[in-house]
Amino acid sequence: MDPIPEARVLALAGLLQAAQYVLMSVPANLELGTAKTLSPRDPGRLGRPLMEQVSPVTGRLARALDNHFEGLILFTLAVVALALTGASNGFTAFCAWTYLAARVLYVPAYALGLVPWRSLVWATGFAATVAMIAVAALP
Amino acid sequence: MTQPLLVLILAALLQMAQMLIPGYYMTRTPGGRAWNASPRDADRKPGIEEGRAARAFENHDRNLLLFAIAAFAIHVTGQANGWTGFLAWVYLLARVLYVPAYILGWVPWRSLIWMVSFAAIGLLLLAALV
């Protein structure tokens with residue numbers, strides 16, 4: 001299978017998500033303590049859900065991580081579909097890089113509470129993904 | 001088929017198996033079977049093992065997506081080799097061990113096992129970029 005440029009962007013998006021995991025986990029572990037985070041997290045012993053016990057910024061980073069998991073499923077679908085249909089072109093490669101740029105910007109936009117920019121950045125990444133899927137879906 | 005793709009299929013089968021585990025515990029608790037078949041409108045407090053199995057499943061949901069990206073990227077970039085094949089198997093082994101580690105409450109091993117699987121994904125993604 002020939003590499004398409006979008007595949008490289010997909011790998012970078014995976015690394016971004018790994019980085020977001022670390023960015024959320026380190027402060028979360030420091031704030032909650034490993035007695036809670038390493039435990040089997042049974043609700044009866046935690047008192048409140050862990051995500052309600054972290055600081056506001058850590059909570060934002062956790063929601064940014066959750067949100068990217070949802071975006072990443074659609075983006076993965078888009079790249080796989082483009083690779084298998086052979087529909088990849090300059091436009092879809094541009095969309096892929098747009099997605100990645102939007103998802104990078106999304107993290108500080110969430111952490112800093114930039115309103116309405118976080119939502120606009122999200123919409124950009126979403127639109128880029130949908131455009132890629134549409135190109136792959138066209139006959 | 002490259003090793004990462006083969007492991008990806010096996011990891012998906014593991015996740016299908018994991019999907020059944022919370023239901024196994026659920027049907028063994030009073031009223032669990034009826035709630036399972038119902039439209040689940042009412043809240044239900046899961047049992048200890050059931051909750052742990054459900055959290056292990058949810059955790060794998062997310063990490064399986066990252067692993068699928070890594071396996072696919074390795075495949076299309078032609079980076080399937082001994083090293084990336086080894087990493088893929090390390091991922092699968094860690095995810096298999098993660099299930100009993102969570103349900104039986106192995107502290108801190110569950111977290112360490114998770115880190116091994118996470119590191120394997122990261123190294124696979126980096127290998128795809130070369």
Side-chain angles (χ1 to χ4, degrees), chain A residues 1-22 24-26 28-29 32-46 49-51 62 65-84 86 88 96 100, chain B residues 1-2 5 8 45-56 58-59 61-80 98-115 117-130:
Chain A
M1 195 183 286
D2 286 334
I4 60 171
E6 292 88 340
R8 191 179 178 81
V9 183
L10 181 61
L12 287 168
L15 283 175
L16 168 65
Q17 188 66 332
Q20 281 190 240
Y21 237 127
V22 175
M24 181 279 292
S25 310
V26 172
N29 274 281
L32 298 166
T34 49
K36 283 179 184 168
T37 58
L38 301 193
S39 80
R41 306 184 187 184
D42 301 326
R45 292 191 207 165
L46 290 175
L50 287 182
M51 275 307 118
L65 177 75
D66 288 346
N67 185 281
H68 193 196
F69 269 115
E70 297 182 354
L72 205 46
I73 288 178
L74 288 174
F75 185 67
T76 306
L77 185 163
V79 175
V80 172
L82 285 171
L84 296 182
S88 165
L100 184 64
Chain B
M1 190 186 301
T2 58
L5 279 192
L8 179 59
K45 214 173 160 188
I48 297 286
E49 285 88 358
E50 181 190 334
R52 290 177 179 180
R55 292 195 292 283
E58 285 162 17
N59 184 280
D61 245 357
R62 321 176 111 205
N63 286 273
L64 187 55
L65 174 61
L66 289 180
F67 180 73
I69 290 173
F72 177 73
I74 290 289
H75 186 77
V76 296
T77 56
Q79 292 296 324
Y98 187 80
V99 181
Y102 216 136
I103 294 173
L104 302 175
W106 297 347
V107 177
W109 301 106
R110 173 185 67 80
S111 308
L112 294 174
I113 289 166
W114 182 88
M115 280 182 194
S117 71
F118 189 67
I121 295 172
L123 291 172
L124 280 168
L125 289 167
L126 286 175
L129 287 177
V130 173

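So you know, we letter chains A, B, ... as the sequences are listed, proteins then strands, and number each from 1.
To the nearest 0.5 Å, atom OG1 of residue B:T77 and atom CD1 of residue A:I4 are 11.5 Å apart.
Evaluation of the side-chain hydrogen bond (donor to acceptor under 3.5 Å, both in side chains) rule for A:T76 yields no partner, not counting sequence neighbours.
Looking at heavy atoms from C-beta onward, A:L15 lies in side-chain contact with B:L129 at the 4.5 angstrom threshold.
Residues A:A11 and B:L125 approach most closely at O-CD2, 3.7 Å, considering heavy atoms. The nearest pair of heavy atoms linking A:F69 to B:R62 is CE2-O, 3.2 Å. Of all heavy-atom pairs between A:A83 and B:F72, the closest is CB-CZ, 3.7 Å.
Residues of residues 46-55 of chain B placed with any heavy atom under 4.5 Å of a heavy atom in chain A are listed by number as B:I48, B:R52, B:R55.
Only the side chain of B:L65 comes within contact range of chain A, with heavy atoms under 4.5 Å apart. Proximity to chain A is limited to the side chain of B:R110, based on heavy atoms less than 4.5 angstrom apart. Heavy-atom distances place no part of A:T34 under 4.5 Å from chain B, backbone and side chain included. At a 4.5 Å heavy-atom cutoff, the contact between B:W114 and chain A is made by side-chain atoms alone.
Counting heavy-atom pairs under 4.5 Å between each of B:I69, B:V107, B:I74 and chain A puts B:I69 at the top.
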